[in-house]
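Sequence lines set the chain letters: A, B, ... in the order given, protein chains first and strands last, and positions in each chain run from 1.
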Amino acid sequence: MPELPEVETIRRQLREAGVNGRVIETVHVEWPRTVDPLSPAVFRKQVAGCTIERLSRHGKWLIFELDGENNLLVHLRMTGGFYLSQGTLKKGPHDRAILQLSGGLNLHFRDPRKFGRMRLGAFPNGLGPDAMEIGPRQFFQTLEKTNRGLKALLLDQSFIAGVGNIYADEALFEARLHPERRAGTLSEDEKLALYHAVTQVIQAGVRNGGTSLGDGQGNYTDLNGNSGGHGERVKVYGRAGQPCVVCGNPLSQTKVTQRTTVFCAHCQK
DNA sequence: GAAGACCTGCTA
DNA sequence: TAGCAGGTCTTC
């Protein structure tokens with residue numbers, strides 16, 4: 001569930017909570033595959049005793065910059081999230097890993113579907129420029145190298161890092177471009193519209209503290225268990241059959257690259 | 001590309 | 001009970 005804005009919200013909240021500067025004293029791994037390919041024992045050994053110097057992010061990866069050789073790289077995948085507790089450790093039902101930090105702060109990595117991953121490394125591999133930082137030139141260059149469908153391209157993290165299913169649909173709607181439109185057919189104006197749409201949608205998501213939809217179990221909540229405020233601003237995702245906010249025609253739903261895709265067949269060409 | 005794998009829990 | 005989910009990997 002979490003895309004760039006949700007990860008960024010969590011990063012900011014972790015920083016505000018004073019996680020950086022603390023020593024990781026004890027590491028608990030409750031679901032071994034969370035730390036794959038390392039064994040829990042090796043992972044614990046490598047992480048325990050390190051200081052969290054800074055928290056950064058690239059795309060959907062949260063980066064705990066450590067004082068050792070490695071950084072702790074975390075991907076929340078579909079249902080991952082963090083919460084904090086203080087004092088005596090009480091494990092929650094979906095906790096997959098817990099870092100006990102200096103000062104009695106416990107950082108719980110919660111992940112009902114167990115897809116989330118914690119890795120050790122300098123930096124996550126295979127990512128293109130971050131969606132909050134990509135410039136128009138860079139965006140255009142990559143766009144011009146391919147003739148793939150636009151939705152598939154936006155979801156490709158090696159093209160642009162951080163866009164997921166919700167924000168891809170929202171960006172394509174804002175740009176008035178059909179999700180299966182081929183990159184090679186875009187006019188200069190359309191390329192620019194897409195660039196602005198992607199950056200605007202992502203930035204709006206960050207400003208509003210991320211997107212939560214419905215109240216399902218896997219739904220995104222921030223560090224404090226609160227829903228993101230962007231859900232009510234979503235114009236197409238999850239609104240199939242409802243009227244387009246621009247033209248009033250019902251929104252269409254299809255599958256593109258095996259992902260649910262909602263768009264306005266009238267407005268998006 | 002497409003399809004399956006990885007997983008659980010909610011909704012219809 | 002079947003179907004679906006905000007993500008990525010691997011294997012055709």
Side-chain angles (χ1 to χ4, degrees), chain A residues 1-10 30-37 57-62 73-82 92-97 109-119 121 124-128 131 146-173 179-184 198 201-202 204-206 208-222 226-241 253-263:
Chain A
M1 64 217 285
E3 304 179 33
L4 187 156
E6 293 73 42
V7 180
E8 177 63 14
T9 300
I10 289 171
E30 303 295 308
W31 179 253
R33 294 199 63 170
T34 299
V35 299
D36 181 75
R57 182 196 55 71
H58 193 91
K60 302 172 195 171
W61 286 88
L62 190 56
L73 314 173
V74 181
H75 199 299
L76 307 176
R77 292 281 181 92
M78 298 283 269
T79 56
F82 285 100
H94 300 294
D95 287 0
R96 305 307 176 200
F109 178 60
R110 196 191 91 93
D111 183 21
R113 281 180 75 182
K114 301 177 173 173
F115 288 165
R117 291 292 178 261
M118 291 185 159
R119 297 235 167 95
N125 294 322
L127 298 182
T146 179
N147 195 29
R148 295 171 67 189
L150 293 180
K151 170 123 187 202
L153 196 56
L154 291 181
L155 291 179
D156 183 345
Q157 302 298 298
S158 68
F159 164 56
I160 180 168
V163 179
N165 209 28
I166 297 179
Y167 293 96
D169 278 8
E170 295 303 309
L172 289 166
F173 176 75
E180 293 181 281
R181 182 77 179 275
R182 298 276 141 186
V198 169
V201 160
I202 290 288
V206 171
N208 297 316
T211 300
S212 309
L213 297 168
D215 42 13
Q217 220 274 338
N219 199 15
Y220 161 78
T221 56
D222 67 15
N226 299 316
S227 294
H230 197 67
E232 48 212 63
R233 284 160 238 248
V234 165
K235 292 182 184 162
V236 288
Y237 190 85
R239 294 193 64 242
Q253 178 164 322
T254 55
K255 290 266 183 196
V256 177
T257 325
Q258 270 113 285
R259 311 298 304 280
T260 299
T261 298
V262 184
F263 67 103

With respect to the phosphate group of [N], does any side-chain polar atom (N or O) of [X] fall under 4.0 Å of OP1 or OP2?
X: His75(A); N: dT8(C); value: yes
X: Gln157(A); N: dT8(C); value: yes
X: His94(A); N: dG9(B); value: yes
X: Lys114(A); N: dG7(C); value: no
X: Tyr167(A); N: dG6(C); value: no

(message) Are Arg119(A) and Pro37(A) packed together at the side-chain level, in the sense that at least one heavy-atom pair is separated by less than 4.5 angstrom?
(response) yes

May I have the distance from [X] (atom [atom1]) to [N] (atom [atom2]), rounded to whole angstrom?
X: Arg259(A); N: dG4(B); atom1: CZ; atom2: P; result: 16 Å
X: Leu4(A); N: dT8(C); atom1: CG; atom2: C1'; result: 16 Å
X: Met78(A); N: dC10(B); atom1: CE; atom2: P; result: 15 Å
X: Gln253(A); N: dG3(C); atom1: CD; atom2: C1'; result: 13 Å
X: Leu155(A); N: dG7(C); atom1: CG; atom2: P; result: 7 Å
X: Glu6(A); N: dG7(C); atom1: CD; atom2: P; result: 9 Å
X: Leu73(A); N: dT8(C); atom1: CG; atom2: P; result: 14 Å
X: Lys255(A); N: dG7(C); atom1: NZ; atom2: C1'; result: 13 Å

So which nucleotide from [options] ends up closest to the side chain of [X]?
X: Lys60(A); options: dT8(B), dT8(C), dG6(C); result: dT8(C)
X: Gln258(A); options: dA3(B), dA5(C), dC6(B); result: dA3(B)
X: Trp61(A); options: dA5(C), dC7(B), dC9(C); result: dC9(C)
X: Phe115(A); options: dA5(C), dC7(B), dG6(C); result: dC7(B)
X: Arg113(A); options: dG6(C), dT8(B), dT8(C); result: dT8(B)
X: Thr260(A); options: dT8(C), dG6(C), dT8(B); result: dG6(C)
X: Arg77(A); options: dG6(C), dT8(C), dT8(B); result: dT8(C)

(request) May I ask you to decide if Ile166(A)'s main-chain N or O and Glu3(A)'s side chain share a donor-acceptor pair within less than 3.5 Å? (result)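 Looks like yes, one N/O pair under 3.5 Å.
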
(message) Please check this pair: side chain of Gln157(A) against backbone of Gly128(A), looking for a donor-acceptor N/O pair closer than 3.5 Å.
(response)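 No; judged by distance alone, with no hydrogens or angles, the pair does not exist.
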
(request) Mind listing the closest non-hydrogen atom pair of Val236(A) and Asp169(A) along with its distance? (result) CG2-O, 3.5 Å

(message) With rounding to the closest Å, how many angstrom separate the P atoms on dC7(B) and dT1(C)?
(response) 23 Å

(message) Suppose you measure atom P in dA12(B) against the same atom in dG6(C); what distance do you get, rounded to whole Å?
(response) 16 Å

(message) By nearest heavy atom, map Ile166(A) and Arg119(A) onto DNA chain C; which one lands nearer the 5' end?
(response) Ile166(A)

(request) Could you please spell out the steps behind the side chain to side chain contact (heavy atoms under 4.5 Å, CB included) verdict for Leu4(A) and Tyr167(A)? (result) CA-CA 9 Å; Leu4(A) 187 156; Tyr167(A) 293 96; over 6 Å; no

(request) Could you please name the partner base of dC4(C), counting Watson-Crick and G-U wobble pairs only when both distances are under 3.5 Å? (result) dG9(B)

(message) To the nearest 0.5 Å, what is the distance between NE2 on His75(A) and CZ on Arg117(A)?
(response) 11.0 Å

(message) Students often get this wrong, so: under 4.0 angstrom with heavy atoms, is Arg117(A) touching a base, only sugar-phosphate, or nothing?
(response)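 Nothing: the residue Arg117(A), judged by heavy atoms under 4.0 Å, touches no strand.
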
